[in-house]
Amino acid sequence: MQQVNKDKALVVFSGGQDSTTCLFWAKQNFKEVCAITFTYGQKHINEVEAAERIAKIANVDWEVMDVSFIAHLGRNSLTDTTLEMDQHQPEGGVPNTFVPGRNLFFLSVAAVYAREHGINHIVTGVGETDFSGYPDCRDAFIKSLNVTLNLAMDEQFVVHTPLMWLDKCQTWALADSLGVLDLVRAETLTCYNGISGDGCGHCPACRLRREGLQQYLSTK
Ligand code: ZN
């Protein structure tokens, strides 16, 4: 068995605001950080380009993993161009931007990857506060999966979720405290229409991001 390196963390990294903030959080909290980006048939391949660019700036090892089977399992508006994107959370359900199983698959693959690299710390940017009703962003799910992953591989993984209880305003504050507010603002891609930085301005992700930023900047 490989020796577990407690100084090393693997970040599940999309190149968006949240996971980029987590990447720099990890850099502050662990001696060594690497990042993994998943392709799952997203409409916008520039997400992956953003991730690559930021990983370079952050000077971390970075790898892309293809899990595009996820897009074929269920319909969602992030991978299916024929589906019009829900702008709001429908009553009693999740918006069609929900990719069923996404975080389950991402974290499971990340854990196998981490194990192979002797890493037991895994960092993900999911959070409950702005989670649009996505069940796989909830704390209970992450804690449950952490136990399952440990049992599945007889390992002692620790899944870190630094943004779990932060809203977007507080996530901007965290980025600022890590010294990367401008970087996160300029380089990350959160927009559902695939536009970096401040984005298209009107999709749900852009609205959430902008409102959080305005709120944070007004408190400075
Ligand atoms: Zn947008």
N/O donor-acceptor pair under 3.5 Å between D136 side chain and N103 backbone: yes
Sequence neighbours excluded, the answer for side-chain contact (heavy atoms from CB on, under 4.5 Å) partners of C34 is K8, L10, D61, I119
Across all chains, not counting sequence neighbours, the side chain to side chain donor-acceptor pair (under 3.5 Å) partners of S144 are none
Inset, instruction - Verify the cluster assignment for W165 and I142: are they in a single hydrophobic cluster under the rule of side-chain heavy atoms below 4.5 Å apart? - result: yes
Residues at least two apart in sequence or cross-chain that pass side chain to side chain donor-acceptor pair (under 3.5 Å) with K56, listed by chain then number, are none
Strictly distance-based, threshold 3.5 Å: is any side-chain N or O of T20 a donor or acceptor partner for the main-chain N or O of Q17?
no
Quiz item: Are V158 and F141 connected in a single hydrophobic cluster, I mean Ile/Leu/Val/Met/Phe/Trp/Tyr linked by side-chain heavy atoms less than 4.5 Å apart?
Solution: no
When rounded to the nearest 0.5 Å, the distance separating CG of L166 from OG1 of T171 is 5.0 Å
So do the side chains of L163 and L174 get within less than 4.5 Å of each other, counting heavy atoms only? yes
Can you give the donor-acceptor pairs under 3.5 Å from side chains of residues 22-30 to other protein atoms, not counting sequence neighbours?
from, atom 1, to, atom 2, distance (Å)
K27, NZ, A58, O, 2.6
N29, ND2, W25, O, 2.8

Hits for side-chain contact (heavy atoms from CB on, under 4.5 Å) against S19, two or more places apart or cross-chain, chain-then-number order -> F13, S14
Sorted by chain and number, sequence neighbours left out, ring-ring contact (aromatic ring centres under 6.0 Å, His included) with F105 holds for F69
Exercise for review: Report yes if some heavy atom in the side chain of D18 is under 4.5 Å from a heavy atom in the side chain of K168; otherwise report no.
Suggested key: yes
By salt bridge (charged side-chain N to carboxylate O under 4.0 Å, His left out), R185 pairs with (sequence neighbours left out) D198
Any L189 side-chain heavy atom under 4.5 Å of I195 side chain = no
Taken in chain and number order and not counting sequence neighbours, the residues that satisfy side-chain contact (heavy atoms from CB on, under 4.5 Å) with N59 are none
inquiry  = Is there a continuous path of hydrophobic side-chain contacts, each under 4.5 Å between heavy atoms, that joins V126 to V147?
reply    = no
Answer yes or no: is there an ion pair linking E128 with R138, defined by an N-O contact shorter than 4.0 Å? no
Original post:
Going by atom types only, do W62 and T37 share a side-chain donor-acceptor pair under 3.5 Å?
Top reply: yes
The ring-ring contact (aromatic ring centres under 6.0 Å, His included) partners of F157 (sequence neighbours excluded) come to none
Applying side chain to side chain donor-acceptor pair (under 3.5 Å) to T190 and not counting sequence neighbours gives R209
Sorted by chain and residue number, the side chain to side chain donor-acceptor pair (under 3.5 Å) partners of Q215 (sequence neighbours excluded) come out as none
Side chain to side chain donor-acceptor pair (under 3.5 Å) assessment of E63 paired with Y113: CA-CA 10 Å; E63 205 162 323; Y113 181 94; 2.8 Å; yes
Residues passing the side-chain contact (heavy atoms from CB on, under 4.5 Å) test with V112, sequence neighbours excluded, are M153
Is a side-chain N or O of N46 found less than 3.5 angstrom from the main chain of E49, in a donor-acceptor match? no
Donor-acceptor contact below 3.5 Å, side chain D66 vs main chain S68: yes
Quiz item: When clusters are formed by joining ILVMFWY residues with side-chain heavy atoms under 4.5 Å apart, either directly or through shared neighbours, do I57 and V184 land in the same one?
Solution: yes
ask   = Salt bridge check: are R53 and E187 linked by an N-O gap of less than 4.0 Å?
value = yes
